[in-house]
Amino acid sequence: MRKNEKDMINKKEADFGENILPAVRRRFAAEETLDDMRAMEIIAEEVFACEEVNDFDDKAADRIIQKLFLKTRRRLGILQPLLEDAHVTEIMVNGPENIFAERQGKIKRWPLSFDSREELTEIIRNIAGDVHREISEMNPIVDARLADGSRVNSVYSNVAINGPILTIRKFSDKYMTMEDLIKNGTLTAKAALLLKTLVECGYNIFVSGGTSSGKTTLLNALAEAVPAEERVIVIEDSMELKLSAIENIVHMECRNAGASGKGSVTMSQLIKSSLRMRPDRIIVGEVRGAEVADMLQAMNTGHSGSMSTGHGNSVEGMLRRLEAMYLMAVSMNIDAIRAQIAEGIDIMVHIEKIDGKRRITEITEITGYERGQFILNRLMLLMTSDTEGASDDILPTGSCIKNSRKLWLKGGKYADLLRQHGFVPG
């Protein structure tokens, strides 16, 4: 079917639905009690009572009824079934007529569409309003979240030509544990033991990876190993981390400026404020800019065990990005910046999405900085199928942890445990 023909059919269905809608709402208002079953009955009665329904085939009539039901009975309209589908991980709305969903790693078109830009815009405003944010021509881009923590990005139609644009990254109420990640092949039991021990002993860990590689999921799993007696401050642009295993926790979220241009709260401000809250550890959900300088200052001032994530294609690529982001905050000698990074971050963990599966590909210790280069000690690497003797698992390289002081400070049992697995010389 040609695009013009499809557009005409969509418009015809939308116009028919809009004509029926007032009568549906009047009948809803007249009902003393109204459940979903009765609502569907009323909608079907009104649709089939109209002679124009004969212009549509059975599939189109069912589609009109379903859209009217979702529009009148579900707050997020035709997107609600996608949000309730546990197998859907991403929802992409490219304007009112083009909706796509990622289900089990595959992206497919959603057969329903919004009837107008205004309908889609209203849903975006509802989502933004729930977290005290707004979207308009003056504020055309908004990052928000749903009640379950799912991340939302919206772009207004004055910026997006085929807009409004809405992207929802869904997050399950039940976050994945380290055991779950072992079972699904994200990492091995030996890698999990290494990471959990490093977290418990207070190593500063930075997780890098591309979009949808599983950085947030991994950070949630790592947080399981934070000792129960410690106080943790979590800072995010939009709340995504669950961290339900931690009792003494403060969770803070950035805030955009209001219509007056005032009221914004940046990640840098929150990191600085967190230092006055007596934190044992600071967890920064994701760094994207100048807040890197404040995060590294926190890591360098006694908050052992702090963690964060960032977008990077490799450990080396992430380190270069951290340098660039640091320079957004201050004009500083590059050697001094690299020294701050090497001093603040103990362990880099890189995660990738390979053939639809999320895999940790590298666990690397940063041992220092000399002569313009980071000194990297690779503890574990993913051996891919094109590598001699490969097993498609992340395996120890044979290198031992060089900065073992935090292991010994926490107790000899931790050093002994990692010695048994070849990560501490014995």
Counting only heavy atoms not in [X] (residues, nucleotides, ligands), do more than 12 fall under 6.0 Å from its [atom1]?
X	atom1	result
Glu343	CD	no
Lys353	NZ	yes
Glu247	CD	no
Arg73	CZ	yes
Asn313	CG	no
Glu31	CD	yes

Heavy atoms only: give me the nearest Leu407-Ile401 pair and the separation to one decimal.
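Scanning both residues, the minimum pair turns out to be CD1-CD1, 4.3 Å.
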Please report the closest heavy-atom contact between Tyr369 and Ala339, naming both atoms and the distance.
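Looks like CD2-N, 4.2 Å.
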Could you check whether any side-chain N or O of [X] sits under 3.5 Å from a backbone N or O of [Y], counting only pairs where one atom can act as donor and the other as acceptor?
X	Y	answer
Thr397	Arg378	yes
Lys170	Asp85	yes
Thr364	Leu376	no
Lys406	Gly202	yes
Asp393	Leu395	no
Arg117	Pro164	no
Asn162	Gly95	no
Glu362	Val315	no
Ser274	Ile271	yes
Asp346	Asn204	yes

Does any non-hydrogen side-chain atom of [Y] lie less than 4.5 Å from one of [X]?
X	Y	answer
Met348	Ile366	yes
Ile282	Leu275	yes
Met176	Asn184	yes

Just do the side chain to side chain contact (heavy atoms under 4.5 Å, CB included) check on Leu379 and Asn377 with the steps written out, would you?
CA-CA 6 Å; Leu379 302 173; Asn377 178 31; 3.5 Å; yes
From Leu417 CG over to Thr197 OG1, what is the distance, rounded to the nearest 0.5 angstrom?
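So the CG of Leu417 and the OG1 of Thr197 are separated by 5.0 Å.
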Applying the side-chain hydrogen bond (donor to acceptor under 3.5 Å, both in side chains) test to Ser212, which of Arg169, Glu90, Arg358 qualifies?
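Filter result, single survivor: Arg358.
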Intermediate values then yes/no, side-chain hydrogen bond (donor to acceptor under 3.5 Å, both in side chains), Glu134 and Asn139
CA-CA 7 Å; Glu134 62 180 51; Asn139 296 289; 3.3 Å; yes
Mind running side chain to side chain contact (heavy atoms under 4.5 Å, CB included) on Met380 and Thr188 for me, showing each step along the way?
CA-CA 10 Å; Met380 299 190 77; Thr188 61; 4.1 Å; yes
The residue among Leu79, Val152, Leu166, Thr167 that forms side-chain contact (heavy atoms from CB on, under 4.5 Å) with Ile91 is Leu79
The residue among Asn403, Val207, Ile363 that forms side-chain contact (heavy atoms from CB on, under 4.5 Å) with Ile347 is Ile363
